[in-house]
Amino acid sequence: MTEHLTEHTPTPAASGPEPMATVTFLHPTPTTVPPMPSEPPTVGPDDRTVVLETARIILDKPTDPAPVVGRVEKVDLDDFDADAPLIPAWMYSAEGWAAWAGVFYRARRRDFRRWVRRQPTQRGHVRQFGRGARRTHEWVVGFEGVRVQSAAHTAHVLAREAKLAARHARFTPRILGTKKELAMKAAEKATKAAEEAVLLHKKAKKDRNRARNLRAGVAYGPPLAAIGTGYAMAGGLGLAAGLLSTFAGGAFIGRKPYDEEADWTSDWRSLGDGDRMTAPMLDQTFRAAKVIGSEETLGVVQTPMLDARGAWTAVLDLPPGVPAKKAIRATDELAAAFGVEEAQVSVAKRGRAGRIELYVSRDLPFTDKAAPGPLLALESPADFWGRISIGPDVRGIHQSISVVERSGLIGGEPGAGKSASGNTILLAAALDPRVILWLADGKGGGDLEPFEHLCERYEGDADPEAFSAILDELLAEMKARYALLKKLGKRKVTEELANKHPELRQLLLWVDELMLYTTDDEHGKKITRKLRNLVSRGRAAGIITFCATQKPGSDVVDTSLRDLLSIRWALRCTTPEASDTILGKGAAASGYSAKTIQSEMRGAGLLWAEGTNPTMVRADYYTDEQVEELLARATEWRRAAGTLPNGPVSLPDQLRAQGDDEALLLAAVLDVFAAHTTEDGPAEWLPGQLLLDELKTAGHTVTAEKLGALVQRTDEEKAKRPWGEKGSRLAGYPLARVEAAATTRFGLTA
């Protein structure tokens with residue numbers, strides 16, 4: 001840049017005005033030019049003095065340093081044009097526009113090449129449109145062609161048979177008579193069948209064409225309408241738009257490849273990752289678990305499907321020669337291949353040796369809140385002679401067992417839920433007023449204390465000597481029961497027999513924490529021997545024994561005793577060996593191990609009560625408040641039935657507790673019988689007139705007809721009997737008939 005600086009210096013008047021010299025300074029851009037001096041320099045006799053002095057002053061002034069190349073300067077937006085402040089510089093020139101257009105062209109060209117390379121792949125739009133077109137065509141064609149082909153084949157076969165039958169009838173001589181007639185009838189029949197087959201074939205073709213035309217209109221009508229409408233309204237542009245929309249629709253229909261779900265080689269599919277269970281997944285999983293060989297496949301009897309609980313279930317046939325127990329033993333390996341916990345996989349034999357039922361929960365079972373137990377819904381006493389509700393299995397199916405003539409063992413580590421599980425059986429027994437309870441609490445912790453007032457015998461101090469004495473009493477009770485059965489001519493106690501003879505009612509012996517009693521140095525062996533005697537012989541006498549323990553080893557429960565306990569319930573155990581001591585030797589090796597039960601699955605256990613294999617079940621759970629509520633009901637029902645341990649309630653007192661007029665009248669009748677005692681006890685028969693007189697004396701308004709309707713007798717019981725010193729024959733009422741009328745009408749026990 002060239003800058004011209006001109007300075008005019010005044011001269012003395014005598015010498016006149018004299019022009020100044022011109023000084024030119026060259027500054028490198030963007031050097032700041034210092035200002036001119038405000039005072040003129042001293043002028044000497046020579047003009048050059050002024051120039052040199054001015055140059056010296058300017059050069060002595062400090063100047064700004066030159067900008068460093070590459071340094072980023074702060075941009076001030078105020079320096080730009082106010083109308084277009086941020087427009088790039090290339091937009092101000094034709095060369096800039098050309099460069100920008102080249103970049104855009106090259107980018108679009110690369111995108112187009114990438115799109116072209118993608119089309120042959122499974123995800124390409126052209127391939128998608130091709131799949132969509134094929135799928136649409138397959139849908140339009142449908143399956144009616146199979147029926148047409150079948151009808152055509154049938155018509156062809158029958159026509160050929162009719163032709164052969166007609167030829168046979170034609171060349172059969174008439175002299176054969178019957179054969180000629182039969183051949184003619186066969187030919188007519190075959191011809192008629194062939195004609196019907198041809199008609200069916202024509203009808204099938206007609207139905208096929210109608211269905212295909214309808215589907216073709218649905219599938220091809222909208223695209224053709226879009227293309228035609230676009231061309232009619234906008235010419236070539238509309239035609240292009242219609243074709244593009246048709247292409248987009250076809251690509252959308254074919255967006256998923258056919259073999260997407262069947263490709264198991266590139267990526268391992270797992271139920272734990274949320275994938276669906278399919279036949280290829282099952283084959284891959286069973287091969288990984290070494291249940292089947294690398295070239296073998298499973299036979300799918302029931303297609304894998306989700307049940308209402310969100311679990312996968314399937315019925316499979318193993319290859320020939322592979323038993324179901326091999327798959328059951330490989331539960332751990334199958335769970336690892338499925339990507340789930342072992343407790344989520346359940347394998348059971350289904351019908352035959354080579355068929356299994358596979359059940360895989362998507363979530364760990366038995367971790368949700370337990371539903372209210374069914375005993376809470378009882379409005380009348382339970383029936384301990386029937387089936388007892390235990391709880392749901394992993395499929396949500398409620399399981400129940402029968403304890404008649406049986407005994408059981410419940411075992412598991414501390415905190416596994418033995419007390420809560422045992423409540424399902426104890427509460428069912430308590431809610432049946434006919435069941436006699438004998439309880440022994442080896443923990444002494446009070447788990448059985450709420451049942452104490454319902455028990456005939458209760459040992460809650462964890463005292464082996466006291467428990468041994470209770471067993472002696474129970475053995476004597478068993479002996480008395482067998483004596484009564486022998487007298488009655490019966491082999492075992494039944495429900496009918498127990499209802500008739502209260503002394504033969506069911507008796508439940510419940511021993512909690514058996515280890516404390518059987519490992520006692522002084523009484524342990526005696527207790528084991530007595531329990532073995534009781535379990536082996538008491539079943540037929542109506543005595544049921546259940547034992548619960550934390551460590552059911554051979555040192556706690558002798559094998560000779562444990563093998564007699566037919567119901568086994570293994571809750572969570574720390575080792576497979578501990579599980580085997582409950583379920584039996586070899587159960588863990590067969591795939592049934594309580595060690596697989598997770599700590600979150602409290603109350604869950606392997607129940608082996610019925611069937612050939614144990615079942616995973618979670619016991620019905622009752623809170624402490626619910627237990628108290630149920631025991632309050634049991635107390636009332638037992639009080640009404642007269643079976644509370646504090647003393648049996650007589651039948652007249654039970655009747656009076658009913659508060660009904662008829663019940664009060666029957667109680668008064670029984671009181672009259674009790675008043676006429678003999679050496680053998682109450683009178684077994686009384687005249688009807690005697691009963692009426694004493695009832696009226698007691699203040700009851702009763703007639704012979706009313707008493708006869710209340711106590712209905714048979715013709716034999718209505719027969720007259722001798723009574724009194726004179727032996728007058730009178731009609732009367734047997735005591736047994738009065739008691740039967742009272743117990744039947746009001747549901748009481750004598």
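Proximity of Leu531 to Leu509: side-chain heavy atoms (C-beta onward) are separated by under 4.5 Å at one or more points. Considering only heavy atoms from C-beta on, Leu710 comes within 4.5 Å of Glu662 through its side chain. Between Val617 and His398, the closest side-chain pair of non-hydrogen atoms is not below 4.5 Å. For the pair Leu439 and Val511, the minimum side-chain heavy-atom distance is 4.5 Å or more. Using a 4.5 Å heavy-atom cutoff, the side chains of His676 and Leu690 are in contact. By the 4.5 Å heavy-atom criterion applied to side chains, Leu730 and Arg721 are not counted as neighbours. Contact annotation: the side chain of Ile410 never approaches that of Cys547 to less than 4.5 Å [non-hydrogen atoms, C-beta and beyond]. The shortest side-chain heavy-atom distance between Thr313 and Leu306 does not fall under the 4.5 Å cut-off.
Surrounding CD of Glu629 are more than 12 heavy atoms belonging to other residues, nucleotides or ligands, all under 6.0 Å away. In the displayed structure, Lys492 atom NZ is contacted under 6.0 Å by at most 12 heavy atoms of other residues, nucleotides or ligands. Glu473 CD: more than 12 foreign heavy atoms inside a 6.0 Å radius. Within a 6.0 Å sphere centred on CG of Asp363, heavy atoms belonging to other residues, nucleotides or ligands number 12 at most. Heavy-atom neighbours of Glu503 CD from other residues, nucleotides or ligands within 6.0 Å: above the threshold of 12. Enclosure of atom CD in Glu465 is not indicated, since only 12 or fewer non-hydrogen atoms of other residues, nucleotides or ligands lie within 6.0 angstrom. Within a 6.0 Å radius of NZ in Lys526, other residues, nucleotides and ligands contribute 12 heavy atoms or fewer.
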>> Checking Val711 against Val669 for the side-chain contact (heavy atoms from CB on, under 4.5 Å) test, could you report, in this order, the C-alpha distance in whole Å, the side-chain angles of both residues, the deciding distance, and whether it holds?
In response: CA-CA 10 Å; Val711 183; Val669 173; 5.8 Å; no

> Where do Glu513 and Lys443 land on the salt bridge (charged side-chain N to carboxylate O under 4.0 Å, His left out) test, with the steps shown first?
Replying inline: CA-CA 6 Å; Glu513 200 48 63; Lys443 284 192 289 189; 5.7 Å; no

>> Run Tyr458 and Ile470 through side-chain contact (heavy atoms from CB on, under 4.5 Å) and show every step you take.
In response: CA-CA 9 Å; Tyr458 180 78; Ile470 289 178; over 6 Å; no

>> Assess the residue pair Met616 and Leu607 against the criterion (side-chain contact (heavy atoms from CB on, under 4.5 Å)); give the C-alpha distance rounded to whole Å, side-chain angles, the decisive distance to 0.1 Å, and a yes or no.
In response: CA-CA 6 Å; Met616 180 73 74; Leu607 177 64; over 6 Å; no

> Can Met478 and Leu507 be said to form a side-chain contact (heavy atoms from CB on, under 4.5 Å), step by step?
Replying inline: CA-CA 10 Å; Met478 181 180 67; Leu507 191 152; over 6 Å; no

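A donor atom on one side chain and an acceptor atom on the other are found under 3.5 Å apart for Arg537 and Asn533. Side-chain contact, Asp447 with Ser419: a donor N or O sits under 3.5 Å from an acceptor N or O. With hydrogens and angles left out, the side-chain atoms of Glu459 and Tyr517 include a donor and acceptor closer than 3.5 Å. Checking His700 against Glu694 by side-chain atom types alone, no donor-acceptor pair falls below 3.5 Å. No side-chain donor from either of Asn423 and Tyr621 sits under 3.5 Å from a side-chain acceptor of the other.
Taking each heavy atom of Leu571 and Gly603 in turn, the nearest pair found is CD2-O, 4.2 Å. Of all heavy-atom pairs between Ala498 and Trp385, the closest is CB-CZ2, 3.9 Å. Nearest heavy-atom pair, Leu409 versus Thr549, reported as atom, atom and distance to 0.1 Å: CD1-CG2, 4.3 Å. Residues Gln344 and Ser361 approach most closely at NE2-O, 2.7 Å, considering heavy atoms. For the residue pair Phe546 and Ile425, the shortest heavy atom distance occurs at CE2-CD1, 3.6 Å. Between Ala742 and Leu666, the closest heavy-atom pair is CA-CD1, 3.9 Å.
The backbone N or O of Pro392 lies less than 3.5 Å from no partner atom in the side chain of Arg618, so there is not a single donor-acceptor pair. Listed for the Ser579 side chain is a donor-acceptor partner under 3.5 Å among the backbone atoms of Ala594. Glu739 places no side-chain N or O within donor-acceptor distance of the main-chain N or O of Ala736, the cut-off being under 3.5 Å. Within the 3.5 Å criterion, the main-chain N or O of Asp463 finds no donor-acceptor partner in the side chain of Asp461. For Arg729 (side chain) and Lys720 (main-chain N/O), a donor-acceptor pair under 3.5 Å exists by modelled atom type. A donor-acceptor contact shorter than 3.5 Å links the side chain of Ser421 to the backbone of Gly417. Here the side chain of Tyr622 pairs a donor or acceptor atom with the backbone of Leu375 at under 3.5 angstrom. With hydrogens and angles disregarded, no donor-acceptor distance shorter than 3.5 Å links the side chain of Arg457 to the backbone of Trp438.
At least one test fails for Arg568 against the ring of Trp608: distance under 6.0 Å to the centre or angle within 45° of the axis. Cation-pi geometry between Arg713 and Tyr733 is met: under 6.0 angstrom from the ring centre, within 45 degrees of the axis.
A salt bridge between Asp432 and Arg505 is absent, with no side-chain N of the basic residue lying under 4.0 Å from a carboxylate O of the acidic one. Electrostatic pairing of Arg395 and Glu357 counts as a salt bridge here, judged by a charged N lying under 4.0 Å from a carboxylate O. A salt bridge is absent between Glu636 and Arg633: the closest approach of a Lys/Arg side-chain nitrogen to an acidic carboxylate oxygen does not fall below 4.0 angstrom. Taking 4.0 Å as the cut-off between side-chain N and carboxylate O, Lys530 and Asp472 count as a salt-bridged pair. Of the charged side-chain nitrogens involved, at least one lies within less than 4.0 Å of a carboxylate oxygen, so that Arg434 and Asp383 count as a salt-bridged pair. Ion pair Arg737/Glu717 flagged as a salt bridge, since at least one NZ, NE, NH1 or NH2 atom sits closer than 4.0 Å to an Asp/Glu carboxylate oxygen.
Looking at Thr519, Ile527, Asp521 one by one, the single match for side chain to side chain contact (heavy atoms under 4.5 Å, CB included) with His523 turns out to be Ile527.
In this structure, CG in Leu631 is found 12.0 Å from CD in Gln626, a value given to the nearest 0.5 Å. Asp660 CG to Arg745 CZ: the interatomic distance, rounded to the nearest 0.5 Å, is 8.5 Å. To the nearest 0.5 Å, atoms SG (Cys573) and CD1 (Ile597) are separated by 7.0 Å. In this structure, the separation between CD on Glu405 and OG on Ser566 is 10.5 Å, given to the nearest 0.5 Å. Interatomic distance, CG of Leu426 versus CG of Leu431, reported as 10.5 Å (0.5 Å rounding). In this structure, CG in Leu735 is found 5.5 Å from CZ in Phe673, a value given to the nearest 0.5 Å.
Listed by chain and number, the residues in a side chain to side chain contact (heavy atoms under 4.5 Å, CB included) with Lys706 are Leu665, Val702, Thr703 (sequence neighbours excluded).
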